[in-house]
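Data block below; observations after.
The structure displayed is predicted, hence computed values, not measured ones. By convention in this document, chain letters (A, B, ...) are assigned in the order of the sequence lines, proteins followed by strands, and residues within each chain are numbered from 1.
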There are 2 protein chains.
Amino acid sequence: MASLGELERAVMDLLWAGHEAATANTLRDLLAQSTRPENGTAGHEGKDLAVTTVLTVLSRLERKGLVERERGTRPHRYQAVSSREDHTAELMHEVLGSAPDREAVLARFIGSVTDTEAETLRKLLGLS
Amino acid sequence: MASLGELERAVMDLLWAGHEAATANTLRDLLAQSTRPENGTAGHEGKDLAVTTVLTVLSRLERKGLVERERGTRPHRYQAVSSREDHTAELMHEVLGSAPDREAVLARFIGSVTDTEAETLRKLLGLS
DNA sequence: CTGGTACTTCTACCTCATGTAGAAACTATC
DNA sequence: GATAGTTTCTACATGAGGTAGAAGTACCAG
């Protein structure tokens with residue numbers, strides 16, 4: 001249950017930006033941002049979607065457990081449940097988890113990581 | 001372009017088994033195996049699918065670049081393009097690749113790996 | 001060579017996820 | 001209470017994946 005659609009991902013990108021800034025976005029916020037072309041990442045740039053479209057997507061993301069919605073306030077506030085990094089790492093674990101031979105997979109995985117990243121990993125594992 | 005359906009995965013499981021044994025499977029082989037209940041992993045256990053169903057799935061897997069088909073021989077022979085481990089590792093890279101802050105993701109990822117696996121990683125990284 | 005059997009290709013249908021949005025219900029405010 | 005913004009419900013279109021029939025193709029037995 002991992003994959004996101006294009007629009008879903010775009011919305012998550014906005015929410016993840018808010019997550020870093022510890023901001024809970026309202027629907028209006030999101031719409032404003034999505035129209036702004038600077039938001040390259042957000043894909044769907046300036047596509048001028050209907051309000052309800054974004055709402056629907058937010059509901060679906062909520063159902064998927066990726067978004068939390070504050071229903072108390074009047075314009076509801078939406079926020080990503082976890083950071084983009086956490087989410088991605090979790091995804092990686094999901095992918096890895098389905099493998100019978102996890103260690104073999106890890107070996108391959110490590111094999112094709114950039115040098116910088118290998119260095120980072122060494123540090124994290126207390127190797128240097 | 002990563003995800004596989006349930007049946008697609010089941011078929012890949014069979015083909016991956018063949019990959020280890022360097023065997024190119026025919027349709028008949030696959031059908032025989034899929035009916036065999038020992039093949040827990042294969043899911044879809046003994047579901048007795050129509051021949052064409054499996055063929056269709058194989059075609060789709062071929063289109064996705066996961067399966068290679070020898071068209072020369074009469075019963076065509078099918079085989080996984082890469083091992084399950086390679087494929088999984090590649091998937092992990094795909095997931096990681098979409099992240100802007102790869103190193104942060106790796107940090108989280110490493111944080112939730114079993115001790116044994118951490119040890120494996122140390123070995124792998126120590127050598128390179 | 002000829003028919004039957006096995007194999008392959010084409011086409012099709014169903015369901016579900018996702019993108020998209022209108023209609024209606026709701027709420028705060030003037 | 002009318003109005004404008006917000007939220008919910010409902011709905012349709014498209015594409016992926018599961019499933020398989022019908023028809024075409026190839027190969028062996030006789």
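- Side-chain N/O atoms of H76(A) include one lying less than 4.0 angstrom from OP1 or OP2 on dT7(D).
- In terms of phosphate contacts, R28(B) brings a side-chain nitrogen or oxygen within less than 4.0 Å of OP1 or OP2 of dC7(C).
- Between E6(B) and R9(B) there is no salt bridge, since no side-chain N of the basic residue sits under 4.0 Å from a carboxylate O of the acidic one.
- The existence of a salt bridge linking E103(A) and K123(B) is excluded, since no basic side-chain nitrogen approaches an acidic carboxylate oxygen closer than 4.0 Å.
- Residue pairs meeting the ring pair (Phe, Tyr, Trp, His ring centres under 6.0 Å) criterion with at least one partner in residues 107-126 of chain B, sequence neighbours excluded, are H93(A)-F109(B).
- The end-to-end axis angle of the helix from dC1(C)-dG30(D) to dC30(C)-dG1(D), rounded to 10 degrees and based on five pairs per end, is 10°.
- Computed from coordinates, the L31(B) CG to dT19(D) P distance equals 13 Å when rounded to whole Å.
- In this structure, L55(A) atom CG and dT10(D) atom C1' are separated by 14 Å, rounded to whole Å.
- In this structure, a donor-acceptor pair under 3.5 Å is absent between the side chains of T120(B) and E117(B).
- Across dT19(D), dT9(C), dT8(D), the shortest atom-to-atom separation from the side chain of R69(A) is found for dT8(D).
- N25(A) has its CG atom 14 Å from the P atom of dT6(D), to the nearest Å.
- Qualifying salt bridge (Lys or Arg N to Asp or Glu O under 4.0 Å) partners for R108(B), counting only residues two or more places apart in sequence or in other chains: D86(A).
- The residue T56(A) sits close to a base: some heavy atom pair falls under 4.0 Å.
- Partner Q33(A) forms a side-chain contact (heavy atoms from CB on, under 4.5 Å) with one of L14(A), V11(A), L15(A) and no other, that one being L14(A).
- Phosphate proximity of dA20(D) to T53(B): present, with a side-chain N or O under 4.0 Å from OP1 or OP2.
- Going from atom CG of L30(A) over to atom P of dT6(D) covers 12 Å, rounded to whole Å.
- The salt bridge (Lys or Arg N to Asp or Glu O under 4.0 Å) test applied to R74(B) returns no partner, not counting sequence neighbours.
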What's touching nucleotides 14-17 of chain D from the protein side, N or O pairs under 3.5 Å?
residue : atom : partner : partner atom : Å
dG17(D) : OP1  : S3(B)   : O            : 3.2
dG17(D) : OP1  : K64(B)  : NZ           : 3.1
dG17(D) : OP2  : K64(B)  : NZ           : 3.0

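- With hydrogens and angles disregarded, a donor-acceptor distance shorter than 3.5 Å links the side chain of T73(B) to the backbone of P75(B).
- D29(B) places its CG atom 10 Å from the P atom of dC7(C), with the value rounded to the nearest Å.
- The CG-P distance, from L27(B) to dT19(D), rounds to 15 Å in whole Å.
- Between R77(A) and E68(A) there is no salt bridge, since none of the side-chain N atoms of the basic residue sits less than 4.0 Å from a carboxylate O of the acidic one.
- In this model, no donor atom of one side chain and acceptor atom of the other lie less than 3.5 Å apart for T114(A) and R102(B).
- In this structure, E62(B) places its CD atom 11 Å from P of dT8(C), rounding to the nearest Å.
- Electrostatic pairing of D13(A) and R84(A) counts as a salt bridge here, judged by a charged N lying under 4.0 Å from a carboxylate O.
- Following rounding to the nearest Å, R71(A) (CZ) and dT8(D) (C1') show an atom-to-atom distance of 10 Å.
- For T52(B), the side-chain atoms get nearest to dA22(D) when compared with the rest of dT6(D), dA22(D), dC7(C).
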Protein-nucleotides 26-29 of chain D N/O pairs under 3.5 Å:
residue : atom : partner : partner atom : Å
dA26(D) : O4'  : R74(B)  : NH2          : 3.1

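- Under a 3.5 Å cut-off, the side chain of T53(B) and the backbone N or O of L49(B) do not form any donor-acceptor pair.
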